[in-house]
Amino acid sequence: MKNVYSILIMLLLVAAGCGESKPPTDDLITVDVTANYPKKELVLQDFMDVEYIPLETSSEFITMGWLHAVGKKVIIVRNRNRNTDGDIFIFDRNGKSVKKINRLGQGDEEYQFLLGITLDEDNNEIFVNDHWRRKIMVYDLSGNFKRSFNHQQGWYGMDIYNFDRNNLICRINGIDDKENVSPFLVISKQDGSITKEISLPYEKKVSSLVFLKGGNLVMPIRNRTLVPHSNNAWILMDDSSDKIYELRTDFSLVPLIARTPPISSMKPGIFLYPAVITDRYYFMQTVKAEWDWVANTGHKRTDLMYDKQENALFEYVVHNADFPTEQPVSMMVSEVTFGNDEIALVQKLEAYELVEAYQKGKLKGKLKEIAAGLEEDSNPVLMLIKYKK
């Protein structure tokens, strides 16, 4: 009997030891994209820091404020007419005008179509993505040409962003229906050579593109699938994958969010896109890939948020305490504009709208002070939404 008890004790100790060696409980968030979730209202300033930057207006610095970068020291914007205007405006971090660059032209050191501008503040450079020429033009912050390199052969187009001191991270466009082609690349800042291909696992290739039956028209969803995160990480989503991942600077992929049902089982598909992620909240959006070509409407969107503290999913509405009557604040990243990992996203506030709101007594706090000094034709005000310190 004593031997039996000894054996039982040993078995219990082994079982206990095995239990301790198990990996921690899987905290992957699972989202049913077909479910209805309760609604929750939030105030932006309760969980994010907000900074307003009025862009200085002068005869030489009149801009639509199409934002491309907010660095530690500079802000870079352009106008909407990227193939006929070509102006790149550089402001300091307080919104004071610094430099206007224009290298639009047909020459070897010029750009023809200003698709995007990526700031590399560490190396004092900007990368201008020329969509028409399929080239990346590199200039210093005074506008002096430094070098250029071509898009990789076969690329239809791409978005480029700062990844680290030596590399850019890219999202290739126009390959949604191509098998075995990774939409994400990390490339050298010096010559555009591929440093790393980033592929997200999936079972079956799926595309979010909606085509007009019998025609060539296509209606893309246009949500960002490459979203900046704090600590120099990136959030990646692929139409075909059932998980959203975090990409870290060592190229490791960590799954963050899983969707159900599988996207390959849905028609029309309901896609789940990432947005801002904070210590407490995971913001995201579902989009149903369906378009009414007669009514010219579709792609129904639902804003969702996972609350880690409550361990629950909600439909969300976020209000700006400084402009309560304004449309709710979207936590979706419409433009990847940052050279600064303190910033979650940036939104542009038009001067004429702020002047009207000020005159009607609708503004509060710092935004009210700024609006008091604006004219209707002033440059826009940037609202920086930053992670809480």
S.K.: Looking at Asn36, I want to see if its CG is surrounded by more than 12 non-hydrogen atoms of other residues, nucleotides or ligands under 6.0 Å.
M.R.: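 Atom CG in Asn36 is not packed in, count stays at 12 or less.
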
S.K.: With side chains defined as the heavy atoms from C-beta onward, is the minimum distance between Leu114 and Val128 less than 4.5 Å?
M.R.: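 Counting from C-beta outward, Leu114 and Val128 do come under 4.5 Å.
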
S.K.: Which value, rounded to the nearest 0.5 Å, describes the distance between Leu313 atom CG and Tyr282 atom OH?
M.R.: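 Answer rounded to 0.5 Å: 12.0 Å.
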
S.K.: Compare all side-chain heavy atoms of Thr278 with those of Met48 and state whether any distance is below 4.5 angstrom.
M.R.: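 Counting from C-beta outward, Thr278 and Met48 do come under 4.5 Å.
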
S.K.: Test Gln112 against Asp130 for side-chain hydrogen bond (donor to acceptor under 3.5 Å, both in side chains), laying out the working first.
M.R.: CA-CA 6 Å; Gln112 296 180 17; Asp130 189 334; 5.5 Å; no

S.K.: Can we say Arg259 and Asp242 salt-bridge, meaning some charged N sits less than 4.0 Å from an Asp/Glu carboxylate O?
M.R.: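 Here Arg259 pairs with Asp242 in a salt bridge, since their nearest N and O are under 4.0 Å apart.
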
S.K.: Could you check whether atom NZ of Lys300 has more than 12 heavy atoms from other residues, nucleotides or ligands sitting under 6.0 Å from it?
M.R.: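 No - once you tally the heavy atoms of other residues, nucleotides and ligands closer than 6.0 Å, there are 12 at most.
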
S.K.: Would you name the heavy atoms of Val210 and Glu290 that are closest together and state the gap between them?
M.R.: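 Minimum heavy-atom separation between Val210 and Glu290: CG2-N, 4.0 Å.
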
S.K.: Which pair of non-hydrogen atoms, one from Pro255 and one from Lys243, has the smallest distance, and what is that distance?
M.R.: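 Looking at all heavy atoms of both residues, the shortest contact is CB-CD, 4.1 Å.
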
S.K.: Ignoring hydrogens and angles, tell me if any N or O in the side chain of Tyr202 forms a donor-acceptor pair with the backbone of Ser264 under 3.5 Å.
M.R.: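 Not a single qualifying donor-acceptor pair exists.
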
S.K.: Taking Asp307 first and then Arg280, would you say they form a salt bridge - that is, a charged N and a carboxylate O separated by under 4.0 Å?
M.R.: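 A salt bridge links Asp307 with Arg280.
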
S.K.: Would a hydrophobic clustering, with Ile, Leu, Val, Met, Phe, Trp and Tyr connected at side-chain separations under 4.5 Å, put Met64 with Ile62?
M.R.: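 No, separate clusters.
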
S.K.: Is Ile101 close to Phe89 at the side-chain level, that is, under 4.5 Å between some pair of heavy atoms?
M.R.: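 Not in contact.
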
S.K.: Report all side-chain donor-acceptor pairs from residues 366-389 shorter than 3.5 Å, counting only partners two or more places apart or in another chain.
M.R.:
from: Ser378; atom 1: OG; to: Glu375; atom 2: N; distance (Å): 2.9
from: Ser378; atom 1: OG; to: Glu375; atom 2: O; distance (Å): 3.1
from: Asn379; atom 1: OD1; to: Thr63; atom 2: N; distance (Å): 2.9
from: Asn379; atom 1: ND2; to: Glu56; atom 2: O; distance (Å): 2.7
from: Asn379; atom 1: ND2; to: Phe61; atom 2: O; distance (Å): 2.8
from: Lys386; atom 1: NZ; to: Glu51; atom 2: OE1; distance (Å): 2.8
from: Lys388; atom 1: NZ; to: Gln45; atom 2: O; distance (Å): 3.2
from: Lys388; atom 1: NZ; to: Asp49; atom 2: OD1; distance (Å): 3.3

S.K.: Among Asn166, Ile136, Asn123, Ile160, find the one that has a side-chain contact (heavy atoms from CB on, under 4.5 Å) with Lys189.
M.R.: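 Among Asn166, Ile136, Asn123, Ile160, the one that satisfies the side-chain contact (heavy atoms from CB on, under 4.5 Å) with Lys189 is Asn123.
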
S.K.: With a 4.5 Å cut-off on side-chain heavy atoms, are Tyr111 and Asn129 touching?
M.R.: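 Sidechains of Tyr111 and Asn129: no contact.
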
S.K.: Could you pull out all residues at least two apart from Ser330 that satisfy side chain to side chain contact (heavy atoms under 4.5 Å, CB included)?
M.R.: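 By the side chain to side chain contact (heavy atoms under 4.5 Å, CB included) rule, Ser330 matches Met332, Gln347.
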
S.K.: Mind checking whether Val276 and Tyr281 have side chains closer than 4.5 Å, heavy atoms only?
M.R.: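 No, too far: nothing below the 4.5 Å cut-off.
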
S.K.: If two hydrophobic side chains count as joined below 4.5 Å and joins carry through other members, does Ile29 share a cluster with Leu42?
M.R.: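 Both belong to a single hydrophobic cluster.
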
S.K.: Quick one: side chain to side chain contact (heavy atoms under 4.5 Å, CB included) partners of Asp108, sequence neighbours excluded?
M.R.: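 Counting only residues at least two positions away or on another chain, Asp108 forms a side chain to side chain contact (heavy atoms under 4.5 Å, CB included) with Arg133.
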
S.K.: Regarding Lys348 and Glu350, does a basic nitrogen lie under 4.0 Å from an acidic carboxylate oxygen?
M.R.: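 Salt bridge: yes.
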
S.K.: For the residue pair Phe163 and Phe251, is the inter-centroid distance of their aromatic rings smaller than 6.0 Å?
M.R.: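 Yes; Phe251 has its ring centre under 6.0 Å from that of Phe163.
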
S.K.: Can you tell if the side chain of Tyr273 reaches within under 4.5 Å of the side chain of Ser208, non-hydrogen atoms only?
M.R.: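 Result yes, sub-4.5 Å side-chain heavy-atom pair found.
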
S.K.: Establish, yes or no, whether a centroid distance under 6.0 Å links the rings of His229 and Trp234.
M.R.: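 No.
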
S.K.: For the side chain of Asn320 and the backbone of Pro324, is there at least one donor-acceptor N/O pair under 3.5 Å apart?
M.R.: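 No.
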
S.K.: We want to know whether Tyr37 and Asp32 form a side-chain donor-acceptor pair, criterion being a heavy-atom distance below 3.5 angstrom.
M.R.: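 No.
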
S.K.: Between Lys362 and Glu356, does any side-chain N to carboxylate O distance fall below 4.0 Å?
M.R.: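 Judged by the 4.0 Å cut-off on N to carboxylate O distance, Lys362 and Glu356 do not form a salt bridge.
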
S.K.: Looking at Asp120 and Arg165, is any side-chain nitrogen of the basic one under 4.0 Å from a carboxylate oxygen of the acidic one?
M.R.: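 No, no charged N to carboxylate O under 4.0 Å.
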
S.K.: Applying the 4.5 Å side-chain criterion to the ILVMFWY set and letting contacts propagate, would Val50 and Val317 be lumped into a single cluster?
M.R.: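 Looking at the clustering, Val317 is in a separate group from Val50.
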
S.K.: Any donor-acceptor pair under 3.5 Å linking the side chain of Asp292 with the backbone of Asn296?
M.R.: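 Pair absent, no side-chain N/O of Asp292 close to backbone of Asn296.
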
S.K.: Among side-chain atoms of Ser252 and Asp250, is any donor-acceptor pair under 3.5 angstrom?
M.R.: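 Checked: Ser252/Asp250 side chains pair up, N/O donor to acceptor below 3.5 Å.
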
S.K.: Counting N and O atoms only, with roles assigned by atom type, does the side chain of Ser241 sit under 3.5 Å from a partner on the main chain of Asp238, one being a donor and the other an acceptor?
M.R.: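 No; judged by distance alone, with no hydrogens or angles, the pair does not exist.
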
S.K.: Can you check whether Tyr316 and Phe283 have ring centres sitting under 6.0 Å from each other?
M.R.: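 Here the rings of Phe283 and Tyr316 have centres that are less than 6.0 Å from each other.
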
S.K.: Count I, L, V, M, F, W, Y as connected when their side-chain heavy atoms are under 4.5 Å apart, and connections chain through other members. Are Trp291 and Leu217 then in the same cluster?
M.R.: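 Yes, because Trp291 and Leu217 connect within a single hydrophobic cluster, where side-chain heavy atoms sit under 4.5 Å apart.
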
S.K.: Grouping I, L, V, M, F, W and Y whenever their side-chain heavy atoms are under 4.5 Å apart, do Tyr352 and Leu55 come out in a common cluster?
M.R.: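 No: no chain of side-chain contacts under 4.5 Å links Tyr352 to Leu55.
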
S.K.: Using every non-hydrogen atom in the two residues, find where Arg78 and Asp87 come nearest and quote the distance to one decimal.
M.R.: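 Of all heavy-atom pairs spanning Arg78 and Asp87, the closest is CB-O, 3.5 Å.
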
S.K.: In plain terms, say whether Arg147 and Glu109 are close enough for a salt bridge, that is, a side-chain N and a carboxylate O under 4.0 Å apart.
M.R.: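 Here Arg147 does not pair with Glu109 in a salt bridge, since their nearest N and O are not under 4.0 Å apart.
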
S.K.: Might you point out which heavy atoms bring Val333 and Pro228 nearest each other, and give the distance in Å?
M.R.: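 Looking at all heavy atoms of both residues, the shortest contact is CG1-CD, 4.5 Å.
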
S.K.: Is any side-chain heavy atom of Glu121 less than 4.5 Å from a side-chain heavy atom of Val74?
M.R.: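 Yes. Closest side-chain heavy atoms under 4.5 Å.
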
S.K.: Can you see whether Asp85 engages Asn79 through a side-chain donor-acceptor pair at a distance of less than 3.5 angstrom?
M.R.: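 The criterion, which ignores hydrogens and geometry beyond distance, is satisfied for Asn79 and Asp85.
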
S.K.: Does Lys100 form a side-chain contact (heavy atoms from CB on, under 4.5 Å) with Glu60? I'd like the steps, not just the answer.
M.R.: CA-CA 8 Å; Lys100 184 169 72 172; Glu60 288 295 313; 3.6 Å; yes

S.K.: Quick one: does any side-chain atom of Arg301 pair with a main-chain N or O of Thr286 as donor and acceptor, under 3.5 Å?
M.R.: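 Pair absent, no side-chain N/O of Arg301 close to backbone of Thr286.
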
S.K.: For Asn150 and Lys135, what are the C-alpha separation, side-chain angles and deciding distance, and is it a side-chain hydrogen bond (donor to acceptor under 3.5 Å, both in side chains)?
M.R.: CA-CA 4 Å; Asn150 295 325; Lys135 292 178 74 74; 3.0 Å; yes

S.K.: Show the nearest heavy-atom pair for residues Ile221 and Ala289, with the distance to one decimal.
M.R.: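 Answer, listing the atom of Ile221 first, then Ala289: CD1-CB, 4.1 Å.
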
S.K.: Using a strict cut-off of less than 4.0 Å between a Lys/Arg side-chain nitrogen and an Asp/Glu carboxylate oxygen, indicate whether Glu310 and Lys40 qualify as a salt bridge.
M.R.: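 Answer for the salt bridge query: yes.
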
S.K.: Tell me, with the steps shown, if Glu41 and His319 meet side-chain hydrogen bond (donor to acceptor under 3.5 Å, both in side chains).
M.R.: CA-CA 8 Å; Glu41 295 195 8; His319 300 285; 3.2 Å; yes

S.K.: Report the C-alpha separation of Asp322 and Tyr52 in whole Å, then their side-chain angles, then the decisive distance to 0.1 Å, and conclude whether the side-chain hydrogen bond (donor to acceptor under 3.5 Å, both in side chains) test is met.
M.R.: CA-CA 11 Å; Asp322 297 326; Tyr52 300 104; 2.8 Å; yes

S.K.: So Glu246 and Leu236, do their side chains get closer than 4.5 Å, heavy atoms only?
M.R.: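 They are not in side-chain contact.
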
S.K.: Where do Leu200 and Tyr245 come nearest, in terms of heavy atoms and distance?
M.R.: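 Scanning both residues, the minimum pair turns out to be CD2-CD1, 3.8 Å.
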
